[in-house]
There are 2 protein chains.
Amino acid sequence: MKQGAATTENKQARQAKRDPEGVRRDILAVAMEEFSQNGLSGARIDEIAARTRTSKRMIYYYFGDKEGLYQRVLEEAYAKVRDGESELELEGLDPVAALVKLCRYTFDHHRCNPSFIRMVMIENIHHGRHMQLSENIRGLNRLAIEALEAVLKRGQEAGLFREGLDPLELHWQISALSFFNVSNAATFSFLFGDALFTPDGQETLSGHVADMVLRYVRVEHGRPGA
Amino acid sequence: MKQGAATTENKQARQAKRDPEGVRRDILAVAMEEFSQNGLSGARIDEIAARTRTSKRMIYYYFGDKEGLYQRVLEEAYAKVRDGESELELEGLDPVAALVKLCRYTFDHHRCNPSFIRMVMIENIHHGRHMQLSENIRGLNRLAIEALEAVLKRGQEAGLFREGLDPLELHWQISALSFFNVSNAATFSFLFGDALFTPDGQETLSGHVADMVLRYVRVEHGRPGA
DNA sequence: GGCGTTATGTACGATTCAGTTAATAATGTG
DNA sequence: CACATTATTAACTGAATCGTACATAACGCC
């Protein structure tokens with residue numbers, strides 16, 4: 001009764017009798033939910049274990065300890081972001097269109113990935129300690145700056161954009177507006193109402209973020225007549 | 001030996017033998033440090049107690065439980081912000097100067113109050129749950145919007161600012177840039193270097209935030225000749 | 001100067017929770 | 001098919017930590 005029936009049943013229950021990689025990803029996905037929702041100290045290993053199709057022991061088997069799991073979740077969150085980012089193909093567009101596209105993409109991306117945003121918030125609460133222990137995260141991010149730099153340069157050469165702009169700073173500005181929109185939605189909408197957070201409000205904001213950035217980089221004399 | 005000497009000694013040790021209000025404020029101050037540093041679940045009541053000049057019992061005596069203390073700390077954080085905010089006196093300035101002053105004030109204020117920023121971050125992680133339970137917080141914040149609205153109106157009447165601007169949205173933008181600067185300093189500077197976070201970098205950013213907002217609200221035709 | 005109320009300290013209980021132990025099943029390999 | 005390696009479970013442990021019970025001191029009031 002203990003094994004005889006159980007083994008054959010289990011073989012059917014766990015569809016692919018053994019699936020280490022699947023188990024790993026299952027744990028990671030559930031852990032991302034739990035950590036992004038409750039933070040590092042708020043997250044419960046037992047809760048994660050309960051929501052996986054595997055057991056708590058497996059978490060320790062694959063990830064060592066709670067912080068190890070958290071760190072992998074954080075890496076995973078950043079990894080997912082990088083993927084989409086290089087697909088923008090701004091080179092084909094004129095500078096203004098490229099900048100608008102970049103702004104709207106960033107805004108929408110953040111908006112559609114609250115778990116990522118929350119992980120970054122949490123990591124900032126921890127002063128970026130765990131991120132610093134990770135090799136994988138630092139890599140690809142500078143590409144975003146370089147892409148922006150290229151767009152700026154083209155805009156400047158075309159006489160559309162001002163000189164003396166710092167692509168890093170511009171990235172900071174776009175990130176700030178896009179990030180805050182998600183990170184502070186709870187407190188902001190409580191204090192000031194949720195007008196900005198309705199679908200319409202968000203669409204307006206998205207456009208105005210791009211507009212704001214554009215007005216910031218454009219040359220001053222906007223041809224009043226034209 | 002138990003009382004005789006102890007009472008007189010204690011009278012000197014605790015300078016004002018009994019000081020309920022002082023004890024309360026002491027607890028609140030220490031708790032603010034602990035909560036803003038470690039979050040709600042990360043904070044340790046015993047740690048707070050240890051750093052107060054009173055005992056753990058007092059925390060429960062005055063604040064009920066951990067969440068009660070957290071909520072009071074949150075209220076306290078918001079209360080401190082309100083104080084300085086109404087002292088700006090933007091009415092005396094011309095619209096452009098007023099807007100610049102407001103931007104720089106917000107940026108600098110956030111920059112100089114990381115504990116407040118961290119409390120807001122933490123509260124957002126908790127979806128603003130505790131804030132919603134508090135009566136005191138919601139009050140004064142709409143004044144900030146009204147002040148901005150007045151500045152915008154004056155600017156529009158003077159023909160300096162565009163029509164159709166939303167003061168709430170503008171407040172959102174100024175907040176976003178100022179907030180993100182503090183909230184995401186750890187991850188951003190790790191990923192992209194700390195050039196923007198040196199004293200010089202911050203001074204530049206502060207100016208450019210104001211500049212960005214100004215360019216956003218100004219009328220298009222910037223009189224190329226003048 | 002007794003006495004009720006407010007304020008404070010000490011020590012302990014109870015629980016939650018990260019991490020482990022020990023046993024066992026599946027899998028592949030010579 | 002023996003056997004080493006990998007994968008997995010259920011039950012347990014010990015520490016951390018929130019909260020409380022109990023004792024008691026100071027203060028205000030009559």
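A note on names: the letters A, B, ... follow the listed sequences, proteins ahead of strands, and every chain is numbered from 1.
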Sequence-distant partners of B:Glu47, salt bridge (charged side-chain N to carboxylate O under 4.0 Å, His left out), two or more places apart | B:Arg51
Mark up nucleotides 10-23 of chain C, 5' to 3', with B wherever a protein heavy atom is under 4.0 angstrom from a base atom, S wherever such an atom reaches only the sugar-phosphate, and - elsewhere.
-> B------SBBBBB-
Rounded distance in Å - CG (A:Asp26) to C1' (D:dA7) = 15 Å
Ring pair (Phe, Tyr, Trp, His ring centres under 6.0 Å) partners for B:His109, two or more places apart | B:Tyr105
Would you list the atom pairs, donor with acceptor, under 3.5 Å between side chains in residues 179-186 of chain B and any protein atom, with sequence neighbours excluded?
| residue | atom | partner | partner atom | Å |
| --- | --- | --- | --- | --- |
| B:Asn181 | OD1 | B:Gln202 | NE2 | 2.9 |
| B:Asn181 | ND2 | B:Gln202 | OE1 | 2.8 |
| B:Ser183 | OG | B:Phe179 | O | 3.3 |

Please report, rounded to the nearest Å, how far the C1' atom of C:dA26 is from the CE atom of A:Met58.
-> 12 Å
OP1 or OP2 of D:dT9 under 4.0 Å from side-chain N/O of A:Thr54 | yes
Axial bend angle, the helix from C:dG1-D:dC30 to C:dG30-D:dC1: five-pair end segments, nearest 10° | 0°
Nearest-Å distance, CG (B:Leu69) to C1' (D:dT17)?
-> 15 Å
Contact list for residues 99-126 of chain B, test salt bridge (Lys or Arg N to Asp or Glu O under 4.0 Å), sequence neighbours left out = B:Arg104-B:Glu203
Between A:Tyr62 and D:dT8, is there a side-chain N or O to OP1/OP2 distance below 4.0 Å?
-> yes
In whole angstrom, what separates B:Phe63's CZ from D:dG19's C1'?
-> 16 Å
Mind checking whether A:Glu169 and B:Thr204 have side chains closer than 4.5 Å, heavy atoms only?
-> yes
Atom CZ of A:Arg24 to atom P of D:dT6: distance rounded to whole Å?
-> 14 Å
Residues at least two apart in sequence or cross-chain that pass side-chain contact (heavy atoms from CB on, under 4.5 Å) with A:Val209, listed by chain then number, are A:Phe107, A:Leu177, B:Trp172
Which residues share a ring pair (Phe, Tyr, Trp, His ring centres under 6.0 Å) with B:Phe190, sequence neighbours left out = none
Those residues at least two apart in sequence (or on a different chain) that pass salt bridge (charged side-chain N to carboxylate O under 4.0 Å, His left out) with A:Asp46 are A:Lys56
